[in-house]
There are 2 protein chains.
Amino acid sequence: MQKVDVYKLIERMAALIRSEERKRCTEMGLQVVHLQVMDYLSRCNKYSNTPVALTNYLGMTKGTVSQTLLLLERKGFIRKEADLADKRMVHLYLTEEGLLMLSQAYPSDLFSNAGLFLEVHNPDLTEEPFISALTALQKAHKSNSFGLCKTCKFFTHTKDGFLCGLTKETLTQSDSEKICQEHTLL
Amino acid sequence: MQKVDVYKLIERMAALIRSEERKRCTEMGLQVVHLQVMDYLSRCNKYSNTPVALTNYLGMTKGTVSQTLLLLERKGFIRKEADLADKRMVHLYLTEEGLLMLSQAYPSDLFSNAGLFLEVHNPDLTEEPFISALTALQKAHKSNSFGLCKTCKFFTHTKDGFLCGLTKETLTQSDSEKICQEHTLL
DNA sequence: CCATTTAGTTTCGAATCGAAACAGGGCATA
DNA sequence: TATGCCCTGTTTCGATTCGAAACTAAATGG
C-alpha cells in the first residue's frame with residue numbers, strides 16, 4: 001500500500017472538520033482563526049501560551065497574530081500577562097467568557113457522533129494507527145511538532161512525578177498532557 | 001477506548017497540515033482559501049465544479065466564494081464556463097497556470113516524507129482504520145459528505161463500466177475516483 | 001402564469017493577512 | 001560597561017477575506 005494515501009484520507013477528514021468549524025464560527029460571529037487560537041490556548045502548557053508560539057503553531061506572521069490577539073482581548077476572550085522573568089514575553093490566558101465561547105463554537109458533537117458510529121461499526125478499532133500517522137507527520141514537519149508534553153524526548157519520570165529535561169521543572173499530570181512548543185521527538 | 005480520542009489525533013494532524021499549507025501559500029503569494037479552492041477543483045467531478053458546491057464544501061457564504069473566484073479568475077488560475085443546460089450555473093476549471101501553482105503550493109513533500117516514515121516504522125499499517133474514521137465522520141457531518149464517487153450509494157457497476165444512479169450517466173474510472181457533491185453513504 | 005426556489009453577483013463594513021518598519025528587552029562578547 | 005545582534009511583540013499599510021443583505025436572472029412548480 002502507498003502510505004501517502006493515508007494522508008489523503010486524513011486531508012479529507014480535515015476538510016470536513018474545517019467546513020464544520022467554519023459554519024460554527026459564522027453562527028457565533030467568530031472567525032475560524034479565533035477558534036484556532038482559543039482552542040490552542042486551552043490545550044497548550046505554560047511554556048507555550050505566547051504570541052510567538054501561536055505564530056509557529058498557526059504558520060502566520062507575527063503581525064497578523066498580534067492583530068488577532070488584540071481583537072480577542074477587546075472582545076474579552078483572552079487576557080495578557082507579562083512574563084516576570086523575561087520582560088519581552090507575554091503569556092496568554094483564556095478568560096471565563098473565552099472558555100464559554102470555545103465550548104459553544106467547538107464542533108464537539110461532530111466528533112462525538114462520529115465516535116458513536118465507530119463504536120458501533122468498528123468496535124475493535126484502536127488508536128495505534130492514528131498515533132503512528134501523527135508521529136510520522138510530526139517528524140516530517142520541518143518546524144516544531146507541537147506534540148503532547150508526555151511524548152517528548154525531554155520528558156522523564158522521577159520518584160515523585162514528572163520532569164521536563166529542558167526546563168528542569170517538575171510537571172503535573174495535567175502539564176504532561178498538554179501541547180508544548182518545545183516538543184521534540186525521539 | 002474512547003473513539004473520540006481518534007478525532008483528537010486527527011485534529012492535531014489537521015493543525016500540522018494547515019500550518020504547513022499556510023506557510024507554503026505565503027511563500028507563493030496565495031491565501032489558504034485559494035489553495036483549498038484549487039485543490040478542490042482538481043479533485044472534484046463534473047457535477048461538483050460549481051460555486052455552490054464550493055460554498056458547501058468550504059462552509060463559507062456564496063458572496064465570499066464569488067469574490068474569491070473573481071480574484072482567482074483575474075490571476076488566471078481558473079476559468080469559468082456557463083452550463084449549456086442550466087443557464088444559471090457556472091462550471092469552474094483550473095487553467096494550466098492554476099495547475100502549476102497548485103502543484104507548487106501543495107505540501108506534497110510533507111506527505112511523502114511522512115509516508116516514508118510510516119513505510120519504515122509501521123510497515124503493516126493499513127488504510128482500513130482511516131477509511132473507517134472518514135466514513136464515520138462523513139455520516140456525522142450533517143450536510144454533504146463530499147466523498148469519492150465510487151463510495152456513493154448511487155454508484156453502480158454495469159457490464160461496460162460504471163454508472164451514476166442519480167444522473168443515469170456512465171462514468172469513467174477517473175470520474176469514479178473524484179469528489180462528488182451529491183455523494184451519499186449507505 | 002405567477003410565486004417560489006435556486007445560482008450567482010454586487011455592495012458594504014469589519015476583520016484578516018503579509019510586509020515592513022519599529023520599540024525595547026536580553027545576551028554575548030569585546 | 002558598552003556595542004551589536006537576536007528575540008518578542010507592536011504598529012502601519014494596502015490588498016484581500018469574510019458575512020450580511022440586497023439584487024439579477026433562470027428554473028421550477030403549482
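Only this structure's heavy atoms are used, side chains among them; waters, hydrogens and symmetry mates stay out. A note on names: the letters A, B, ... follow the listed sequences, proteins ahead of strands, and every chain is numbered from 1.
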Should the heavy atoms of other residues, nucleotides or ligands under 6.0 Å from NZ of B:K46 be counted, would the total exceed 12?
yes
Got more than 12 heavy atoms from elsewhere within 6.0 Å of NZ, A:K80?
yes
For B:R74 and A:T26, take the nucleotide of DNA chain D holding the closest heavy atom to each; which residue's nucleotide lies nearer the 5' end?
B:R74
Applying a 4.0 Å non-hydrogen cut-off, can you work out what [X] is touching in the nucleic acid: base, sugar-phosphate, or nothing?
X	value
A:K75	nothing
A:L71	sugar-phosphate
B:V65	nothing

Tabulate protein N/O versus nucleotide N/O from nucleotides 21-26 of chain D, keeping only pairs under 3.5 Å, one per line.
none

When you list every nucleotide of DNA chain C with an atom under 4.0 Å from a heavy atom of chain A, which one comes first 5' to 3', and which comes last?
C:dA15 to C:dG26
salt_bridge(B:K8, A:E177) N-O dist < 4.0 Å
no
Same apolar cluster: B:Y40 and B:L148, side chain cutoff 4.5 Å:
yes
Is the A:F146 ring parallel, tilted or perpendicular to the A:Y57 ring (thresholds 30°, 60°)?
perpendicular
Output yes when at least one side-chain N/O atom of A:S66 is less than 4.0 Å from OP1 or OP2 of D:dG9, else no.
no
If we ignore angles and hydrogens, is there a donor and acceptor under 3.5 Å between the side chains of B:H91 and B:D83?
yes
